[in-house]
Amino acid sequence: MPKRKEVQTMKRSTIALMATLLSLSPLTALAGTPGSDAQAAAGSDAQVAAAPQVGVTTVGMGKDSRGPGGRNITAFDRPGQRGVGGYFAQEFTANSDGKMFFDQRQMVLQVSSYLHENLFFNTEIEYEHGGKVEMGSTEQGGEISLEQAWGEYTVNDALNLRAGILLIPVGRLNVLHDADFREATTRPLMTRSIIPTTWYEPGVGARGTIMPSDTMEINYEAYVTQGLTDKIEAEEGLHEAKPFAGGDNNASKAVSGRVAFSPWLGTEIGLSGYGSAYDASGSSWLGMGALDFAWRMGAFELVGEGSLVSTKGGTFKETKGDKEVDVNIPTNFGGYYLEGHYSFFPEFLRESFLGKGLGFADPRFTAFARWGQADTDFASKGATLQSETVLGMNYRPVPNTALKVEWQHKFLPSNKATDAFISSLAMGF
Amino acid sequence: MRTRLPALLTILLLGTMPAFAADTYEQVYLSEPEAVRTIFGGDLKVDKQTVTPTAAQRTMMERYLGRRLPDKDVTFLVGRRGHAVECYGLILDEIGKHDPITFIVGVQPDLRVKDVAVMVFRERRGDGVKRRRFLAQFPGKRQGDPMMLSQDIMPISGSTMSSVAVSAGVKRALALTAVLMLGRTL
């Protein structure tokens with residue numbers, strides 16, 4: 001057993017050695033603890049605790065084992081300012097055909113980080129329908145997808161360079177698709193088959209905002225991306241043609257862009273387009289044009305978008321049962337919708353359980369109505385035309401939480417019609 | 001000296017790299033004298049007047065606004081032409097998404113907003129609220145107007161929390177002026 005004096009001597013020698021080593025380390029400079037101070041600190045026990053303040057860790061310059069994850073690199077070891085958020089949507093649907101079900105529609109995690117004044121990273125990871133994916137099983141599962149993952153370098157407001165998995169900037173709703181931002185639970189018909197929301201592709205490009213005056217704005221986005229595949233059919237439109245993030249069916253790349261003009265706050269008109277070769281040889285091109293707008297006056301808002309798609313036609317192979325069949329690619333298709341919102345909150349409810357009774361200072365109701373159509377093959381002369389009317393209302397105790405109820409009447413091809421009652425809870429966090 | 005060389009070289013190397021963003025971030029658009037000029041113009045005599053609300057006044061305002069008032073005392077800027085008050089001003093802080101936004105609100109004696117200007121913004125995003133595009137909605141608003149998003153105020157997209165903060169601040173300024181300067185009840 002060493003004596004107490006020996007222990008003290010060993011302890012001081014060890015601390016002196018550590019302090020010397022630390023004075024050699026670049027981390028010392030970052031921590032703002034001069035080596036000489038650390039050496040001096042080795043002289044007495046009272047100063048020992050204050051000496052090696054090596055709390056700053058910079059990835060790429062070594063890893064401090066005293067960080068929050070020990071030697072494991074955690075988000076706290078990375079410099080920058082970051083935020084974690086996302087949204088959640090649970091739906092309940094009762095159809096006129098007797099089907100009634102809950103759907104854990106979305107659970108989305110968003111992680112965003114400023115790595116530097118001009119360097120920004122953003123990602124959106126979605127667990128859809130519970131996110132249960134069983135490869136090779138016949139059980140209908142959910143989906144886990146990376147809908148956004150991009151890095152951006154800001155040159156100035158007018159030029160931001162972006163690369164990664166990008167939302168295709170066609171129309172309004174594909175980019176502004178978050179459940180807590182939307183008033184209705186259901187998305188317009190055209191956002192399934194014409195602008196296949198949520199539509200994302202890997203690629204590169206730029207976006208920016210130009211401010212010609214203090215009230216006016218012009219926004220743009222322009223990208224080169226993977227491009228759609230040839231899985232374009234009259235039944236589903238472009239829904240199945242969205243590409244795989246890790247490969248392409250041809251060597252051509254797609255171009256897309258949107259320019260939006262907003263003369264003042266509350267009014268915006270957007271014009272967008274998309275062009276992509278879709279077949280394996282890269283010789284058949286698809287072109288898409290879209291027009292969208294948003295107009296707000298006080299508590300009233302009207303939004304809408306419309307899109308037309310033109311292809312060169314052709315066929316693609318699809319396996320149905322144990323047979324491989326040729327499926328025709330429609331040449332012209334399109335859709336549109338108009339949606340109105342009116343926000344209000346009756347004063348007589350302000351003190352009730354819908355308002356201050358549960359501690360909500362500024363709750364609101366929004367009534368909404370939508371009319372829309374989508375036709376996935378104009379050549380079918382109405383056989384593929386679908387229409388919908390949606391009427392509903394939501395209650396928001398706080399801006400990013402909505403309890404929604406709506407009735408949807410769909411006119412399907414062959415003179416069929418369905419009705420559905422849909423409710424949901426959407427929360428942004 | 002030799003043992004310190006790596007540390008010194010590291011400092012020099014870091015000095016040549018683009019600086020990583022600090023956790024605190026502040027954009028100053030207007031100093032206090034500039035903000036006062038923006039609201040009062042150059043031809044009014046502007047004095048400061050600090051008022052401490054009584055318990056009853058505080059309760060009334062907090063009930064009306066639906067939240068606690070952050071300050072014990074309230075300092076008004078009072079713009080006079082001769083003896084007549086032409087405008088009151090308040091420099092306020094309201095929390096945006098995480099950090100306070102500092103702005104000035106001018107209120108006319110008839111309890112209408114004269115103008116609003118953002119002085120300091122401390123977050124990386126959401127500074128669109130400093131532009132006339134957003135602030136042009138406030139001049140002419142009266143005490144009693146809801147000043148709520150999607151009712152009579154349109155938010156800047158991507159700056160919802162900042163839009164809420166400025167709107168709430170303007171509503172607070174009108175209530176403070178009504179009660180503490182003009183002796184009104186809410």
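Every chain is numbered from 1 and lettered A, B, ... according to where its sequence line falls, protein lines coming before strand lines.
Interface remark: B/Pro155 contributes backbone and side-chain atoms alike to the contact with chain A (heavy atom separation under 4.5 Å). In this structure, chain A has no heavy atom under 4.5 Å from any part of B/Leu65. Both the backbone and the side chain of B/Met154 have a heavy atom closer than 4.5 Å to some heavy atom of chain A. For A/Phe120, the part lying under 4.5 angstrom from a heavy atom of chain B is the side chain only. When heavy atoms are compared at a cutoff of 4.5 Å, A/Arg296 approaches chain B by way of both its backbone and its side chain. Only the backbone of A/Ser213 has a heavy atom closer than 4.5 Å to any heavy atom of chain B.
Ring pair A/Phe300/A/Tyr342: centre-to-centre distance not below 6.0 Å.
With respect to B/Glu94 and B/Arg172, a salt bridge is recorded, a charged nitrogen being found less than 4.0 Å from a carboxylate O. For A/Asp292 and A/Arg258, the salt-bridge test passes: some basic side-chain N is under 4.0 Å from an acidic carboxylate O.
Listed options A/Met211, A/Met297, A/Lys356, A/Glu301 were ranked by heavy-atom pairs under 4.5 angstrom with chain B; first place goes to A/Met211. If you tally non-hydrogen atom pairs under 4.5 Å between each of A/Gly83, A/Gly359, A/Gly266, A/Gly298 and chain B, the highest count goes to A/Gly298.
Of all non-hydrogen atoms in B/Gln27 and B/Glu123, the two that sit nearest each other are NE2-O, 3.9 Å.
Note on ring orientation: taking the six-membered ring where Trp is involved, the planes of A/Phe345 and A/Phe365 are parallel (angle under 30°, cut-offs 30° and 60°).
Around the CE atom of B/Met60, the shell of radius 6.0 Å holds more than 12 heavy atoms that belong to other residues, nucleotides or ligands.
Atom CZ of residue A/Arg364 and atom CG of residue A/Leu354 lie 14.5 Å apart, to the nearest 0.5 angstrom.
For residues 128-141 of chain B, the interface with chain A (any heavy-atom pair closer than 4.5 Å) comprises B/Arg131, B/Arg132, B/Arg133, B/Phe134, B/Gln137, sorted by residue number.
A 4.5 Å side-chain heavy-atom check between B/Val113 and B/Val170 finds at least one atom pair inside the cut-off.
In this structure, the side chain of A/Asp178 does not engage the main chain of A/Asp180 through any donor-acceptor pair within 3.5 Å.
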